[in-house]
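Heads up: the structure comes next, in structure tokens.
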Amino acid sequence: MSKDEIERAQRFESEDEQRAAALRFAREVVESRGSPSDEAMEEVRNAGYTDEQLIEMVATVNLATFTNYMNDFMGTEVDLPVQEPTDGR
């Protein structure tokens, strides 16, 4: 992905409509703490994603959240370049 597309993805946006639907769904999963609305589920399915892919998306959000919690708890030293946070909007 291009740098511009990565920056858009960090805001849960994409020029590709199918990818944009997946990103909006991922944001909904995060913001709803794992309980996305029926509308969010319908939108991402209408974009062409299968239930199996939705499970993978939720599992990916879960893994990232778990990893962040564990790194915070363990005081893991970050050895990657610092990225400025975005507000996700």
Side-chain angles (χ1 to χ4, degrees):
M1 289 192 325
S2 71
K3 183 177 179 181
D4 288 340
E5 183 66 8
I6 291 169
E7 289 174 359
R8 280 191 292 277
Q10 290 173 332
R11 294 187 307 271
F12 298 94
E13 300 170 357
S14 176
E15 290 182 351
D16 178 89
E17 189 50 43
Q18 187 178 33
R19 183 179 295 152
L23 290 165
R24 286 189 297 272
F25 179 72
R27 179 175 58 198
E28 172 86 12
V29 170
V30 171
E31 291 178 350
S32 69
R33 297 185 176 196
S35 297
S37 67
D38 291 341
E39 293 82 9
M41 298 280 286
E42 182 178 350
E43 177 190 6
V44 76
R45 283 182 178 130
N46 287 341
Y49 290 100
T50 66
D51 286 347
E52 290 82 4
Q53 290 171 312
L54 299 184
I55 290 168
E56 289 182 28
M57 290 179 206
V58 173
T60 300
V61 169
N62 182 29
L63 179 59
T65 301
F66 173 77
T67 300
N68 287 337
Y69 285 178
M70 287 304 296
N71 284 330
D72 287 347
F73 175 74
M74 298 300 295
T76 304
E77 184 177 331
V78 178
D79 60 355
L80 301 170
V82 174
Q83 295 290 319
E84 291 299 318
T86 65
D87 67 1
R89 303 218 184 246

Could R8 and E5 be called an ion pair, given the rule that one side-chain N must be under 4.0 Å from one carboxylate O?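 Yes.
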T67 side, atom OG1; N62 side, atom CG - distance, nearest 0.5 Å: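 The OG1 atom of T67 sits 9.0 Å away from the CG atom of N62.
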Decide yes or no on side-chain contact (heavy atoms from CB on, under 4.5 Å) for E28 and E43, but give the supporting numbers first. CA-CA 11 Å; E28 172 86 12; E43 177 190 6; over 6 Å; no
Would you name the heavy atoms of [X] and [Y] that are closest together and state the gap between them?
X   : Y   : answer
A47 : Q18 : O-NE2, 3.1 Å
Q53 : T50 : OE1-N, 2.8 Å
M41 : P36 : SD-CG, 3.9 Å

Identify whether [X] and [Y] are in the same connected component of the hydrophobic contact network (ILVMFWY, side-chain heavy atoms under 4.5 Å).
X   : Y   : result
Y49 : L23 : no
V61 : V44 : yes
L63 : M57 : no
V78 : M70 : no

pair R27-R24: side-chain heavy atoms closer than 4.5 Å: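 Touching, per the 4.5 Å side-chain cut-off.
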